[in-house]
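Accompanying notes for the structure given below.
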Amino acid sequence: MTSRAVRPCRLPPSFFARDATDVAPQLLHKLLRVDTAAGSVDVRILEVEAYTQDDPASHSFRGPTARTASMFGPPGRLYVYLVYGMHHCMNIVTGREGDGQAVLVRRVLVPGVARHRTDGPGKLTRELGVDRSSDGAQARVIDDAAPVPVAMATPRIGITKAVDWPRRWLAPWPSVTPGG
DNA sequence: AATCTGATCGTG
DNA sequence: ACGATCAGATTA
């Protein structure tokens, strides 16, 4: 019996044109291609949170602003913002254009990088060199047919509104390494 | 114009 | 438990 050979495929924009609460858990174990100073790197997505427009904890709750413009833009693009004046958070925009939805990437696995360096939303952007210059850029998410974990939604981290909404999904640990 | 509040992280 | 550090939101 030959080993399974699945051609990794880039997720189309239609994948993201759904509610963030539907898209978020499906992003677990997908690969996100990021341009770094060292070149293009595929990182494994291990933790996400969903933010929708009806969510008091969401930046989109009070309508679009200059900062959140990309969150209301076409799905499948990045929404990158500065939190607490010093850390960047990376999101993937979901829903239809005009919706204010996104999935926050909270933890990833990077080939050759200790996992404690990318186990938080601010830490992973620092490690990868992602900042506001990536805001609005096309997100490149690759499905390499890694096993899809059964993830249960849990409450989100670091918010003070809608604290008990189950909109955070974690990949089981241990997890497969990127590219393998 | 002044103040408050963060989708965080490192240090103590 | 707290400070860093800045932008959006709120209050006046």
Side-chain angles (χ1 to χ4, degrees), chain A residues 16-30 32 34 36-37 41 43-110 113-139 141 149 151-171 173 175:
Chain A
F16 303 95
R18 298 173 287 136
D19 200 90
T21 53
D22 296 325
V23 176
Q26 295 185 14
L27 287 175
L28 292 177
H29 282 212
K30 297 282 190 295
L32 178 60
V34 180
T36 73
V41 183
V43 307
R44 186 75 68 189
I45 299 173
L46 296 184
E47 180 182 344
V48 293
E49 285 178 359
Y51 289 87
T52 53
Q53 200 167 352
D54 63 333
D55 175 4
S58 174
H59 291 168
S60 58
F61 186 63
R62 286 160 217 280
T65 65
R67 174 178 65 153
T68 63
S70 60
M71 204 174 168
F72 290 82
R77 296 202 187 165
L78 297 178
Y79 165 50
V80 182
Y81 68 91
L82 182 67
V83 258
Y84 293 104
M86 48 181 60
H87 304 291
H88 292 277
C89 290
M90 175 167 55
N91 300 251
I92 300 173
V93 175
T94 64
R96 308 281 298 184
E97 183 166 1
D99 294 346
Q101 295 192 17
V103 174
L104 171 67
V105 182
R106 287 194 59 88
R107 181 172 55 172
V108 298
L109 216 47
V110 181
V113 174
R115 60 179 181 267
H116 74 265
R117 295 185 63 84
T118 56
D119 63 358
K123 294 167 79 173
L124 70 92
T125 54
R126 185 184 56 179
E127 180 67 32
L128 296 167
V130 171
D131 59 21
R132 275 230 97 192
S133 66
S134 299
D135 182 59
Q138 191 70 43
V141 180
M152 239 177 58
T154 63
R156 294 169 294 185
I157 301 297
I159 54 171
T160 60
K161 298 160 196 155
V163 291
D164 51 355
W165 290 24
R167 292 192 168 197
R168 173 183 179 232
W169 290 267
L170 296 148
W173 185 263
S175 185

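Any value given below was found using the heavy atoms of this structure, including those in side chains, with hydrogens, waters and symmetry copies removed. These numbers come from a predicted model, not from an experiment. Proteins come first, then strands; the chains are lettered A, B, ... in the order of their sequence lines, and each starts at number 1.
- Across every non-hydrogen atom of A:Leu124 and A:Val105, the tightest pair is CD2-O, 3.5 Å.
- With hydrogens and angles disregarded, a donor-acceptor distance shorter than 3.5 Å links the side chain of A:Lys123 to the backbone of A:His116.
- Contact between A:Val83 and A:Cys89 at its shortest, heavy atoms only, is CG2-SG, 3.5 Å.
- A donor-acceptor contact shorter than 3.5 Å is absent between the side chain of A:Arg106 and the backbone of A:Pro121.
- Non-hydrogen atoms lying under 4.0 Å from DNA chain C are contributed by A:Tyr84, A:Gly85, A:Met86, all within residues 72-102 of chain A.
- Atom CG of A:Asp99 is separated from atom CG of A:Asp19 by 8.0 Å, given to the nearest 0.5 angstrom.
- For DNA chain B, the stems formed by at least three consecutive Watson-Crick or G-U pairs, with both atom-pair distances below 3.5 Å, span B:1-6 with C:6-11, B:8-11 with C:1-4.
- A:Leu104 comes within contact range of at least one nucleobase, with a heavy-atom separation under 4.0 Å.
- Within the 4.0 angstrom heavy-atom criterion, no nucleotide atom of any strand lies near A:Arg156.
- Among residues two or more places apart in sequence or in another chain, the ring-ring contact (aromatic ring centres under 6.0 Å, His included) test is passed with A:Tyr81 by A:His59, A:Tyr79.
- Salt bridge A:Arg115/A:Asp119: absent, no basic N to carboxylate O contact under 4.0 Å.
- Near DNA chain C, meaning a heavy atom under 4.0 Å away, the residues from residues 52-63 of chain A are A:Arg62.
- At least one donor-acceptor pair under 3.5 Å links the side chain of A:Thr118 to the backbone N or O of A:Val108.
- When rounded to the nearest whole Å, the span between CZ of A:Arg132 and C1' of C:dG8 equals 12 Å.
- On the nucleic acid side, DNA chain B contacts chain A at distances under 4.0 Å to non-hydrogen atoms, with the end points of that region at B:dG6 to B:dG10.
- Here A:Arg156 does not pair with A:Glu49 in a salt bridge; the nearest charged N to carboxylate O distance is not below 4.0 Å.
- A 4.5 Å side-chain heavy-atom check between A:Ser70 and A:Asp135 finds at least one atom pair inside the cut-off.
- For the 3.5 Å distance criterion, the side chains of A:Gln101 and A:Thr94 qualify, holding a donor opposite an acceptor.
- Under a cut-off of 6.0 angstrom, the local environment of CZ in A:Arg96 is sparse, with at most 12 non-hydrogen atoms contributed by other residues, nucleotides or ligands.
- Partners of A:Ala153 by side chain to side chain contact (heavy atoms under 4.5 Å, CB included), not counting sequence neighbours, listed by chain and number: A:Pro166, A:Trp169.
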